[in-house]
Amino acid sequence: MYRTITCGALRIADKGKTVTLAGWVQTIRKFGSITFVDLRDRYGITQLVFDEKETQKLESENVGREFVLQATGSVRERSNKNKNIPTGEIEIEIHSFKVLNPSVTPPFTIQDDTDGGEDLRMKYRYLDLRRNVLRKNLELRYSVTRATRNYLHSHNFIEIETPYLIKSTPEGARDFVVPSRMNAHEFYALPQSPQTFKQLLMVSGFDRYYQIVKCFRDEDLRADRQPEFTQIDCEMSFVEQEDILQTFEGLIKSILKDVKGIDLKEPLQRMSFADAMWNYGNDKPDIRFEMLVKNLKTESEIHLDALKGSSFGVFEQAETILAISVPGAADYSRKQTDELTDWVRRPQIGMAGLAYIKYHEDGSLKSSIDKFFSPDKLIQFADFCGSKKGDLILILAGKEEKTRKAISELRLFMGDRLGLRDNSIFKLLWVTDFPLFEYEEENNRWVARHHPFTSPKPEDIDTMIHNSPVITDKEHYLKHPFAAIKANAYDMVMNGNEIGGGSIRIHQKDLQKKMFEALAISDEEANEKFGFLMNAFQYGAPPHGGIAFGLDRVCAILGGSESIRDFIAFPKNNNGRDMMIDAPSPIEDKQLKELSLALGEIN
RNA sequence: GGAUCGGUAGUUCAGUUGGUUAGAAUGCUGCCCUGUCACGGCAGAGGUCGCGAGUUCGAGUCUCGUCCGGUCCGCCA
C-alpha cells in the first residue's frame, strides 16, 4: 500500500489522523527551515509541511516539481486557511517521506493557466493530461459514455462489437487502408462507421444494438474533426422514424440530466430541412437565438415588393437576396459596418459586398442603398424583415447557395458578437425531411446525402422507380424529379452542431437495387461491394433504422469547448499526426517486403 | 488543392525606419527567509532569432525558397 488516502479527501474532521499520501509535487514554497509542498493526485491537492529536519532531506534529495513522493504525517488544522481548495483547512505535518521517483523539469508548467503552447502540450500530452482542465474533460467524457450505456441498457439495447478490418467501399469519405500480409496485394479498410454490420445484426435479430466505437475517415481535418473519432452507434428493428426520434431524444435528455443536471421536460423541437434552410440558411440551425434569415428574393422571384423596378443593378441581377435584422445594432459606426463588409468579402465567405439599413430609434432610416431606395421603400424592407427600431438590417445578394451560406455565417457571427451564443445553454432540435440525393457537379450525378442505405419517404418511392436518374439539364438539376425526393432521415442538432444523424434503412432488396442504380453504381460493383448485404436481405430483413452520435462533439459542446481535441486523451493534429509518438512514420524495408509492397513517387 | 496567421531564452512573448552588446515575464540554479498557498528578497545561468539562398557596408527586421505549427475554404456526415 503506497497510500492510505488520496490528496483530495482530507477535511478538518480528520484532524489528528496519521495518513500516508502519494502524488506529484505541484509547488514547493520554502521559508528557511520550514517548507510547504503541495502534493497533487487525480483527486486534489494537499499541503504538506516539512520541518527543519525534513526540509534538509528535501534539499539533499533535490526534490523539485513533478517528483513523485510518498509522505506520512499527521493531519492538523492550518493556522492560515485556504478557502480556495477543498482541503484548505488542513495540512499534513510530515514525519517521513520517500522519493518514489524523481522528475526532470517539465517543459511547461502543470497548472490550470499553463504557459505551454498547443503543440508543445500535444507533444507532452501525458503531462498536459495531469492538468485539471483536461482531467475534468476526460471525466466528463466518461460520464457521458456511462450515461449512454445506462440508458441504452435500460432500454434493452445490447452492445456488440464489429470488426475494424473490413472492406473498402467507394461511396463517401476516403478509407484508411491496411495491407494484408497473408493476402498479398489485398487491403482491408478501417470502417468509416459500422453501418453495414449493424444492419446485418438487425437481419440476425438483435433488434436493439449499440456500440461506442471508433470510426475512421481519411479526410482533411479541422479543430472539430479527427481522422479517428468515436460514435455512439445505434440500430433498431421494427421501428419507424417516430420510434427512433422518441428513443434517442430520451438518450440525449438522459445524458444532459446525468452529466449536467439539466432536466429537459419539453419534447425536442422539430424542423424540416427546407424550413431550416429557409429560416437559418443552414441544416444545423443554432436556435439559441432568433435573428431569422429573411428571404427578399429567391430563385429570381421577388418576395419583397419594394425591390421591384429598382435601379440597383446588384439586386436586380441577383438570383437571391437574403437579410437578417440585428437587434440593437443600428448605432453601428461606419467603421463597424465596413468591418462587416470586409468580413463577408473574405475568400472563405466570398461575397462581393454587404448592404445595410440602420433603423434608428427615432424611426429614421439610413442605409448604404439610399441612392436606390426611397425612405418609404426602406421602411418596407424593415417591415418585411420584422425589424424593430434600433435594428441593423444586413443584406446579402448573389447566387443562391453561396448567399445562403454567407447569410448563415453572418448570422452566427453576429450572434457571437452580441453574446447570444451562451455555451452554458443547450438547445436541441431534430431536423427532418432531408433530400435523399445530392447533386455532384463533378460527375454530373446523384450521390446519397446520407448514405446509400437510406430509405426514401414512402410517398417518393414511385418517383424514384419511374424516373431515370440521368441528368440531362445540368444547369437546372434542381428541376430533376430526384431532387425533390425526401429521405426518411433525421439529424439531431445541438447549439448549431450536428451531434447525431440517422435514417430508416432500405430493407427490401429491390429498392436497394434501385438505389444503387440511382447512384450510378453498377450491378457488378454493387454486388462486389455490398453483395453480402443484398444477400442477407433475401433472408427476411426486418424493417429497421438507426442513428449515430458523434461522442467527441457531444462532449465538447457539453464541456463548453469548440475543440474536440480537448476531449480526446491522445488526439492528432491538423495533419493527422500524433505529435507525441510521431505517427505516422516510415516502416522498414523488411516490413514492406513481407507485405509485398513497393513505395512509389510521392504525389 | 487553396487562403491566411505564426516560428526570437526551457516556456509565453516584445523587438521602432535595416544599425553596433537581442529584451521582459515566467521557469531553472544559488543564497536569505517559520505561515505560505501566483510567497517574498538578492544574485546568476540560459539565444544557430526554424532552415537555405539573396539584397546591403550592415539582416531578428527586407526579398525568394523551404520546413514546421495554428485557423479556415475545398473535402468530409
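The structure displayed is predicted, hence computed values, not measured ones. Side chains included, hydrogens not; waters and symmetry mates left out as well; all remaining heavy atoms used. Each chain gets a letter, A, B and so on, in the order the sequences are listed, and its residues count up from 1.
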When you measure from the centre of the six-membered ring of A:Phe97, is the NZ or CZ of A:Lys57 under 6.0 Å away and within 45° of the axis? yes
Looking at every strand, decide which applies to A:Leu120 at a 4.0 Å heavy-atom threshold: base, sugar-phosphate, or nothing. sugar-phosphate
When all nucleic acid strands are considered with a 4.0 Å heavy-atom cut-off, which category describes A:Arg76: base, sugar-phosphate, or nothing? base
Go through the N and O atoms of the side chain of A:Arg577 and the base of B:G69, and report whether any donor-acceptor pair is under 3.5 Å. no
In whole angstroms, the gap separating P of B:A77 from CG of A:Leu551 amounts to 19 Å
Give one of base, sugar-phosphate or nothing for A:Arg217, where a contact means two heavy atoms less than 4.0 Å apart. sugar-phosphate
Among B:G69, B:U36, B:C75, which nucleotide has an atom closest to any side-chain atom of A:Asp220? B:C75
Partner lookup for B:C62, please. Criteria are Watson-Crick or G-U wobble with both distances under 3.5 angstrom; report none if nothing qualifies. B:G54
Check whether any side-chain N or O of A:Glu249 sits under 3.5 Å from a backbone N or O of A:Ile244 as a donor-acceptor pair, and report yes or no. no
Gap in Å between the two P atoms, one belonging to B:G40 and one to B:C49, rounded: 33 Å
Taking any heavy-atom pair under 4.0 Å as a contact, classify A:Gly117: base, sugar-phosphate, or nothing. sugar-phosphate
Look at all strands and tell whether A:Phe108 reaches a base, only sugar-phosphate, or nothing, counting heavy atoms closer than 4.0 Å. nothing
Rounded P spacing from B:C67 to B:C31 in Å: 49 Å
Give one of base, sugar-phosphate or nothing for A:Ala223, where a contact means two heavy atoms less than 4.0 Å apart. sugar-phosphate
Nearest whole angstrom, please: distance from the C1' of B:A77 to the CG of A:Asp283. 9 Å
With sugar-phosphate meaning primed atoms plus P, OP1 and OP2, does A:Asp113 contact a base, only sugar-phosphate, or nothing at under 4.0 Å between heavy atoms? nothing
Side chain A:Glu498, main chain A:Asp491, donor-acceptor under 3.5 Å: no
Could you check whether A:Ser79 gets within reach of a base, just the sugar-phosphate, or nothing at all, counting any heavy atom under 4.0 Å? base
Which part of the nucleic acid, if any, lies within reach of A:Glu91 when heavy atoms closer than 4.0 Å are counted: base, sugar-phosphate only, or nothing? base
Check ion pair A:Lys15-A:Glu89 (N to O, under 4.0 angstrom): no
My understanding is that a pair needs two contacts under 3.5 Å, Watson-Crick or G-U wobble. By that rule, which nucleotide pairs with B:A45? none
Under 4.0 Å between a side-chain N or O of A:Asn575 and OP1 or OP2 of B:G69? yes
Taking atom P in both B:G10 and B:G6, what distance in whole Å separates the two? 23 Å
All heavy atoms of A:His451 vs all of A:Ser503, minimum pair found to be CE1-OG, 4.0 Å
Base, sugar-phosphate alone, or nothing: which one does A:Arg565 contact when heavy atoms must sit under 4.0 Å apart? sugar-phosphate
Nearest-angstrom distance, P atom, B:U26 to B:G18: 32 Å
Using a cut-off of 4.0 Å on non-hydrogen atoms, how would the nucleic acid contact of A:Lys81 be classed: base, sugar-phosphate, or nothing? base
When we call it a touch if two heavy atoms are under 4.0 Å apart, what does A:Arg78 touch: a base, just sugar-phosphate, or nothing? base
